[in-house]
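Just so it is clear: chains get the letters A, B, ... in the order the sequence lines come, proteins before strands, and each one is counted from 1.
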There are 2 protein chains.
Amino acid sequence: METKTLKSKKDEGFADEVERLKEPQQTGESHNEATIAPDLASDMDYGVLTELVGYCLRRAQIRIYQDFQEAMEPWAITPPRFSAMILIRNNTRMKLTELARAMGIARSGAVEVVNSLSKLGYVRRCHSPTDRRAYALELTETGGDVLQKVTVVVREHDARISARLSDDEHVQLRKLLNKLG
Amino acid sequence: METKTLKSKKDEGFADEVERLKEPQQTGESHNEATIAPDLASDMDYGVLTELVGYCLRRAQIRIYQDFQEAMEPWAITPPRFSAMILIRNNTRMKLTELARAMGIARSGAVEVVNSLSKLGYVRRCHSPTDRRAYALELTETGGDVLQKVTVVVREHDARISARLSDDEHVQLRKLLNKLG
DNA sequence: TATTGTTATACTCTATAACTATA
DNA sequence: TATAGTTATAGAGTATAACAATA
């Protein structure tokens, strides 16, 4: 399996960088530090933390994030990048500002996401004919193919992390999460 | 209300820095960017995202994080800092390595958290009499007072974000979250 | 004037790897 | 050799503020 990585740096080369993205990542696998287990340590007193929705949620998210990243490593897709690609595909001629709003992040953050997706060759900025300030975002052909493949993998990932939940519980959990805030 | 901030930089002064922590923060409040609304944009198509536990969870976490940070701003307490303080108080003579394990992060990350809490005057490293490599972590008197006050505020925060949930749902949600992974 | 995209800057959270002092 | 703490370095994710081009 190939593996992509994104270093942001200051854009050094270009073709150079895109090439480097496709090199297998130095995962280390060496002699050092044990990788972190994200479960609660049974010999510790967590006090009030276990009663807080926010804390339970954060622990769950750490576990989920790890599984997501491992599953997506070959494509260098992170959760925000995946969201962005879905939104760009599903909402034609989306502008960068709209993407930011849809994702709930600042415009400058959207620039970052689009830059990385653009370097990976998944997303393209097209000049809008009507407003010369604005771009219309769209998936490249590669981006479309990758998104299709990756969506399957994301669904598998979701099933994996929800493996101990019944279908009812899965629905219930999403319902409760959406009631938060 | 006073507001603390932590700049990590390269430790410039010391007393200087501690003083600066207590200065009210330049919140801006100026003419610029609208602050982000973390709700789903109703005019966008989110496709598969709404069916994924991971995505619902991430959106919920963004909302929760924002409320947490606003509530904790006067003390410069972030979620990991709060967890660390609870763990340090509840597990006497905790070592840094144990803290890292309890929090599910790398040791270097625990150093960061302890450094910031130490700069804020909330946590102290005490030399262990038995093992001269190790420290015993403990709350300062200020840290203890702050933690007591802040725990009340965190409980209020948790109640606020769970306001649309019944008690049963609150329990259920935590149960389901703990089944994930 | 307001908006679009962008850049500069900064801060948090996290990781890996290598170092030091001790055990 | 192994462990405790630390530092150096890196990268993702996010934010605010200011800017140029365009509306």
>> Let's go through B/His157 and B/Ile161 carefully: what are the C-alpha distance in whole Å and the side-chain angles of both, what is the deciding distance for side chain to side chain contact (heavy atoms under 4.5 Å, CB included) to 0.1 Å, and is it a yes or a no?
In response: CA-CA 6 Å; B/His157 148 82; B/Ile161 61 167; 3.9 Å; yes
> How close or far is atom C1' of D/dT6 from atom NZ of B/Lys95, stated in whole angstroms?
Replying inline: 16 Å
>> Could you tell me how far apart A/Glu112 (CD) and C/dA10 (C1') are, to the nearest whole angstrom?
In response: 14 Å
>> Under 3.5 Å, is there any donor-acceptor pair linking the side chain of B/Ser108 to the base of C/dT14?
In response: no
>> Can you measure B/Tyr135 atom OH to D/dT3 atom C1' for me and round it to whole angstrom units?
In response: 15 Å
>> Go nucleotide by nucleotide along DNA chain D from the 5' end; which of B/Leu96 and B/Arg58 gets its closest nucleotide reached first?
In response: B/Leu96
> When you check the phosphate oxygens OP1 and OP2 of C/dT12, does a side-chain N or O of B/Tyr65 lie under 4.0 Å from one of them?
Replying inline: no
> Of the nucleotides C/dA15, D/dA4, C/dT4, which has the atom closest to the A/Thr97 side chain?
Replying inline: C/dT4
>> If we count only N and O atoms by modelled type, under 3.5 Å, do the side chains of B/Arg125 and B/Asn115 hold a donor and an acceptor together?
In response: yes
> Quick one: are A/Leu49 and A/Arg59 in side-chain contact, heavy atoms under 4.5 Å?
Replying inline: no
>> Of the options D/dA12, D/dA15, C/dT4, whose atoms approach the side-chain atoms of A/Ile105 most closely?
In response: D/dA15
> Could you give the CD1-to-P distance, from B/Ile62 to C/dC13, as a whole number of Å?
Replying inline: 15 Å
> Between A/His127 (NE2) and C/dT4 (P), how many Å, whole number?
Replying inline: 16 Å
> When you check the phosphate oxygens OP1 and OP2 of C/dC13, does a side-chain N or O of B/Thr78 lie under 4.0 Å from one of them?
Replying inline: yes
>> Just the rounded figure in Å: distance from C1' of D/dT14 to CZ of B/Phe68.
In response: 17 Å
> Would you call the rings of B/Tyr135 and B/His127 parallel, tilted or perpendicular if under 30° counts as parallel and over 60° as perpendicular?
Replying inline: tilted
>> Please pick, from D/dA4, C/dT14, C/dT16, the nucleotide with the shortest atom-to-atom distance to any side-chain atom of B/Ala106.
In response: C/dT16
> side chain to side chain contact (heavy atoms under 4.5 Å, CB included) with A/Lys175: which residues, sequence neighbours excluded?
Replying inline: A/Gln172
>> If the condition is ring-ring contact (aromatic ring centres under 6.0 Å, His included), which residues does A/Tyr46 pass it with, not counting sequence neighbours?
In response: none
> Under 4.0 Å: is that the gap between some side-chain N or O of B/Arg107 and OP1 or OP2 of C/dA17?
Replying inline: no
> Would you say A/Met72 and A/Arg81 make side-chain contact, with heavy atoms under 4.5 Å?
Replying inline: no
> A/Arg81 has a side chain; which of D/dA12, C/dT16, C/dT14 sits nearest to it?
Replying inline: D/dA12
>> Check this for me, if you would: do B/Glu169 and B/Arg164 make a salt bridge, where the nitrogen-to-carboxylate-oxygen distance has to be below 4.0 angstrom?
In response: no
>> Can you tell me if B/Arg125 touches the phosphate of D/dT6, counting only side-chain N or O atoms and a distance under 4.0 Å to OP1 or OP2?
In response: yes
> Separation of B/Asn115 atom CG from C/dC13 atom C1', in whole Å?
Replying inline: 14 Å
Could you go over nucleotides 20-23 of chain C and give all protein N or O partners under 3.5 Å, atom names and distances?
unit_1	atom_1	unit_2	atom_2	d
C/dA23	OP1	B/Arg132	N	2.8

> Any idea which of D/dT6, C/dT14, D/dA4 is nearest the B/Ala134 side chain?
Replying inline: D/dA4
> Tell me: CD of B/Gln66 to P of D/dT14, nearest whole Å?
Replying inline: 11 Å
